[in-house]
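Worksheet: the structure to be examined is printed underneath.
Every value quoted in this text rests on a predicted model; they were computed, and no experiment measured them. All residue numbers in this chain count up from 1 along the given sequence.
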Amino acid sequence: MGTKAYEHWIRDFEAARRERAERGDPEWRTGVPLHPAIRRSVQRFQVGEDGDGAELITKAEAAGDAEYASAVRMFVAEERNHARLLALLLASGGAPVIASHWSDRVFVTLRRALGLRLELLVLMIAEVVALRYYRALRDGADDALTREVAGRILADEERHVPFHCHRLRRALRPLPPPVRVLVTSGWRAALAAVALVVAVDHGPALRRLGVGRGRFVAEVVRSSGPVAATMR
């Protein structure tokens, strides 16, 4: 793969890093206790954001494109920052982080067992679900601090999905067109199943945020169509 394919992604990540540094953190002292359903939901998402990304970085480096590996390290740094922001949001409301959650353990196990291409497909399931979740949290939370944190994370996730799509499009390109359709159709089916699990697991929080379980699943599935088309 060409060494110049990720220059603009690196520039985007660097620009986002500079903007975060200039903007600084939210005003944590404005925090208020989170509704119990929201607190439990945020705790579970915080665990999912809190991986070190070492396996993904190792696989990206093994792919032989130094610029892509550099961009992946920047992506992982942003994910770690998401975990930090969510932990501080919980702390501002007097809530702790949790050590683990079964859904994160399943995702981590699957991703570590696979090569880079399949790991990215699994990662993209989490990223597309996260887009809808953080949008719901930004638009439906009761307090300004939660809305601000969710909005910051959402802005990053809206860049992450195209970044991974770019890599997957290049990775799937050697496959025959019918196989690419089969892969992306399978990915959409897996995404729908995960969205349903998330909707059940986070149902009380989603209701509190004004998004029912059915609506959440339907909107995640609907959003996956353009993503799958971009991968192909």
Got a donor-acceptor contact below 3.5 angstrom from the [X] side chain to the [Y] backbone?
X: Thr184; Y: Arg180; value: yes
X: Arg169; Y: Arg232; value: no
X: Ser70; Y: Glu67; value: no
X: Glu157; Y: Leu131; value: no

Could you tell me whether [X] and [Y] make a salt bridge, using a distance below 4.0 angstrom between a side-chain N and a carboxylate O?
X: Asp25; Y: Arg84; answer: yes
X: Asp142; Y: Arg147; answer: no
X: Glu158; Y: Arg135; answer: yes
X: Asp201; Y: Arg44; answer: yes
X: Arg215; Y: Glu219; answer: yes

Under a 3.5 Å threshold, yes or no: a donor from one side chain and an acceptor from the other, between His82 and Asp156? yes

Under a 3.5 Å cutoff, is there a donor and acceptor pairing between the side chains of His160 and Glu79? yes

Angle class for the Phe163/Phe75 ring planes (parallel below 30°, perpendicular above 60°, tilted otherwise)?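 Geometry flag for Phe75 against Phe163: tilted rings.
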
Stepwise side chain to side chain contact (heavy atoms under 4.5 Å, CB included) test for Leu137 and Ile153: CA-CA 10 Å; Leu137 193 61; Ile153 296 175; over 6 Å; no

I'd like to know whether Glu61 forms a salt bridge (charged side-chain N to carboxylate O under 4.0 Å, His left out) with Arg73, so could you lay out the CA-CA distance, the side-chain angles of the two residues, the decisive distance to 0.1 Å, and finally the verdict. CA-CA 10 Å; Glu61 290 174 343; Arg73 285 191 289 271; 2.9 Å; yes

Test ring pair (Phe, Tyr, Trp, His ring centres under 6.0 Å) on His202 and Phe216; report intermediate values, then the result. CA-CA 10 Å; His202 295 259; Phe216 180 84; 8.2 Å; no

Show, in sequence, the C-alpha distance, side-chain angles and deciding distance for Leu191 and Val221, and conclude whether the side chain to side chain contact (heavy atoms under 4.5 Å, CB included) test is met. CA-CA 7 Å; Leu191 173 64; Val221 172; 5.9 Å; no

Check whether NZ of the Lys or CZ of the Arg Arg167 lies under 6.0 Å from the centre of the six-membered ring of Tyr68 and within 45 degrees of that ring's axis. yes

Arg39 and Ala95: which non-hydrogen atoms are nearest, and at how many Å?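 Heavy atoms only, the tightest pair is CD-CB, 3.3 Å.
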
Before you tell me yes or no, could you show the steps for Glu78 and Arg20 under salt bridge (charged side-chain N to carboxylate O under 4.0 Å, His left out), namely the whole-Å CA-CA distance, both residues' side-chain angles and the distance that decides it to 0.1 Å? CA-CA 10 Å; Glu78 289 194 347; Arg20 285 194 300 272; 3.1 Å; yes

Evaluate the side chain to side chain contact (heavy atoms under 4.5 Å, CB included) criterion for residues Trp9 and Met74: first the C-alpha distance (whole Å), next the side-chain angles of each, then the deciding distance (0.1 Å), finally the verdict. CA-CA 10 Å; Trp9 293 111; Met74 294 177 178; over 6 Å; no

Treating Ile, Leu, Val, Met, Phe, Trp and Tyr as nodes and any side-chain heavy-atom pair under 4.5 angstrom as an edge, say whether Met124 and Leu175 lie in one connected cluster. yes

The test is salt bridge (charged side-chain N to carboxylate O under 4.0 Å, His left out); show your working for Glu22 and Arg18 and say whether it passes. CA-CA 6 Å; Glu22 293 169 1; Arg18 289 193 299 270; 5.7 Å; no

